[in-house]
Amino acid sequence: MRIAVYVPLLLSLLAPLGARPLSERCEPRLATWLLTVSSLVLGAASTISLGLLAVTGLIRFPLIAGLGHWSAQGAQRDDPTELSIALAAGLLLGGAVLAAARMLWRRARTLAAAAVDAACMPERNGLVVVEDDAPDAYALPGLPGRIVVSTGMLHTLDEAEHGILLAHERAHLACHHYAFVALAQLGAAANPLMRPLAGAVTYTIERWADERAAATSGDRKQVARTVGKAALAARRTPVRARVTSAALGILGRRNPLATAGPVPRRVAALLAPPLRRHPVLAVATAAVLAAATLATADAAHDLHVLLEGLESVRAG
């Protein structure tokens with residue numbers, strides 16, 4: 001436990017370095033899965049590690065040690081963790097749990113509101129057209145979801161571009177992209193070091209939808225023009241609050257990892273040949289996640305052995 005418990009925390013410091021390569025070099029669908037799972041696993045592993053460290057501090061106090069029939073004196077003698085580190089871990093653990101719980105509550109409320117809004121919208125084949133001169137388009141999660149498009153956006157794009165827009169938004173709904181965003185953000189809520197990974201997911205889901213639209217239309221250049229045209233039209237109009245923060249539109253959001261905005265990067269990716277799966281990055285990511293998981297399990301086992309020993313000391 002002297003080393004293993006710190007491995008997930010160390011890997012969390014290194015993980016953000018892989019967000020940009022994964023989002024730009026891997027096929028978008030694979031990149032989204034890798035980034036989302038990484039955010040979740042490392043967020044959970046680091047939180048568990050903090051919990052293990054906090055427990056080693058708590059069992060030093062006789063009142064708490066008595067609840068588990070452990071020897072407080074034995075814990076003070078044999079505990080591998082400094083008390084100051086254990087107390088700091090406890091404070092960080094409390095913050096992580098509160099942040100994750102708050103994020104879950106807010107996301108659940110948002111998705112519930114989106115489902116209610118979607119059910120109340122008059123639609124035709126899942127499409128809702130709203131009278132609004134501001135160009136806008138987004139996918140609204142629900143049972144079933146809705147694609148909401150403003151008349152301003154329809155007037156901005158021609159008929160062929162309408163099909164690309166709808167293919168993009170249908171990809172968001174069909175692939176449940178809102179779930180990937182929510183899960184990645186949950187990992188980032190538990191561990192703020194995962195925020196670059198969660199930010200990268202908001203980019204890769206747009207790239208994933210772009211590629212689905214390109215496959216449907218058969219013309220990558222036309223999809224690139226449509227993305228750029230829609231983005232330029234939207235920038236001329238002040239952005240208003242949408243029905244729900246879970247809505248994922250063709251316009252995308254600013255990626256904190258990028259020196260350029262996400263739209264230029266998406267257009268450049270569409271004008272280039274499709275990305276292939278990157279086995280080296282995928283294997284490296286899997287190795288990092290396996291190391292974090294095994295280290296957490298090993299630290300938990302060591303704590304279990306320590307607690308069993310403290311029971312024997314008290315019994316003796």
Side-chain angles (χ1 to χ4, degrees), residues 14-42 137 139 160-161 163-185 187-188 194-232 248-290:
L14 301 176
L17 299 177
R20 186 71 180 266
L22 283 174
S23 63
E24 291 194 340
R25 299 180 186 177
C26 275
E27 184 269 331
R29 181 174 177 272
L30 176 61
T32 301
W33 275 99
L34 291 175
L35 289 165
T36 302
V37 173
S38 296
S39 180
L40 267 180
V41 171
L42 290 176
E161 291 166 341
I164 292 174
L165 172 67
L166 294 179
H168 178 103
E169 299 302 339
R170 286 192 179 108
H172 281 317
L173 291 178
C175 300
H176 307 289
H177 287 166
Y178 62 89
F180 287 97
V181 173
L183 292 174
Q185 289 178 348
M194 297 300 104
R195 287 176 182 171
L197 276 67
V201 169
T202 65
Y203 169 73
T204 57
I205 60 169
E206 295 297 332
R207 285 282 300 115
W208 185 350
D210 288 342
E211 293 296 336
R212 289 283 294 261
T216 300
S217 68
D219 190 339
R220 297 178 62 83
K221 290 184 178 180
Q222 189 177 36
V223 175
R225 286 194 299 269
T226 303
V227 170
K229 191 175 179 180
L232 288 174
L248 303 171
I250 194 172
L251 306 181
R253 298 177 182 176
R254 180 167 294 279
N255 186 347
L257 295 175
T259 53
V263 172
R265 291 169 63 198
R266 289 167 57 195
V267 170
L270 285 165
L271 294 176
L275 291 173
R276 297 181 180 179
R277 296 184 177 182
H278 204 301
V280 174
L281 286 176
V283 170
T285 302
V288 168
L289 299 182

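Since the structure is predicted, the reported quantities are computational estimates derived from the model, not experimental observations.
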Item to complete: Could you grab the distance from atom CD of Gln185 to atom OG1 of Thr202, nearest 0.5 Å is fine?
Response: 8.0 Å
Response to the item:
Ala269 meets the side chain to side chain contact (heavy atoms under 4.5 Å, CB included) criterion, sequence neighbours left out, with Arg207
Worksheet item: Do His168 and Asp210 have side chains that get closer than 4.5 Å, going by heavy atoms?
Response: yes
Item to complete: Heavy atoms only: give me the nearest His172-Ala139 pair and the separation to one decimal.
Response: CB-CB, 3.8 Å
Worksheet item: Short question: side chain of Ser39, backbone of Leu35 - any donor-acceptor pair under 3.5 Å?
Response: no
Discussion item. Could you report the tightest heavy-atom contact between Met194 and Ala188, atom names first, then the distance?
Written reply: CB-CA, 3.7 Å
Worksheet entry | Polar side-chain atom of Arg212 near backbone of Ala167 as donor-acceptor pair, under 3.5 Å | no
Discussion item. The test is side chain to side chain contact (heavy atoms under 4.5 Å, CB included); show your working for Leu270 and Glu211 and say whether it passes.
Written reply: CA-CA 8 Å; Leu270 285 165; Glu211 293 296 336; 4.2 Å; yes
Discussion item. Could you work out, with side chain to side chain donor-acceptor pair (under 3.5 Å) as the rule, every residue matching Gln222, not counting sequence neighbours?
Written reply: none
Fill in: Electrostatic pair Glu24-Arg265, nearest N-O below 4.0 angstrom
yes
If you look only at distance, which donor and acceptor atoms sit under 3.5 Å apart when one is on a side chain in residues 25-34 and the other is two or more places apart or in another chain?
{"residue": "Glu27", "atom": "OE1", "partner": "Arg29", "partner atom": "N", "Å": "3.4"}
{"residue": "Glu27", "atom": "OE1", "partner": "Leu30", "partner atom": "N", "Å": "3.0"}
{"residue": "Glu27", "atom": "OE2", "partner": "Arg29", "partner atom": "N", "Å": "3.1"}
{"residue": "Thr32", "atom": "OG1", "partner": "Pro28", "partner atom": "O", "Å": "2.8"}
{"residue": "Thr32", "atom": "OG1", "partner": "Thr204", "partner atom": "OG1", "Å": "2.9"}

Practice prompt. Work out which heavy atom in Ala184 is nearest to a heavy atom in Val201; give both atom names and the distance.
Written response: CB-CG2, 3.9 Å
Worksheet entry | Interatomic distance, Ile205 atom CD1 to Ser23 atom OG [nearest 0.5 angstrom] | 12.5 Å
Practice prompt. Grab the two heavy atoms, one from Ser217 and one from Ile164, that are nearest each other, plus how far apart they are.
Written response: CB-CG1, 4.1 Å
Worksheet item: How far apart are the closest heavy atoms of Ala224 and Leu271, and which atoms are they?
Response: CB-CD2, 3.9 Å
Practice prompt. Identify the two heavy atoms, one from Leu197 and one from Ala15, that lie closest to each other, and give their separation to 0.1 Å.
Written response: CD1-O, 3.8 Å
Worksheet entry | Side-chain H-bond candidate by donor/acceptor type, Glu206 with His177, under 3.5 Å | no
Fill in: 4.5 Å side-chain heavy-atom contact, Ser38 and Leu289
yes
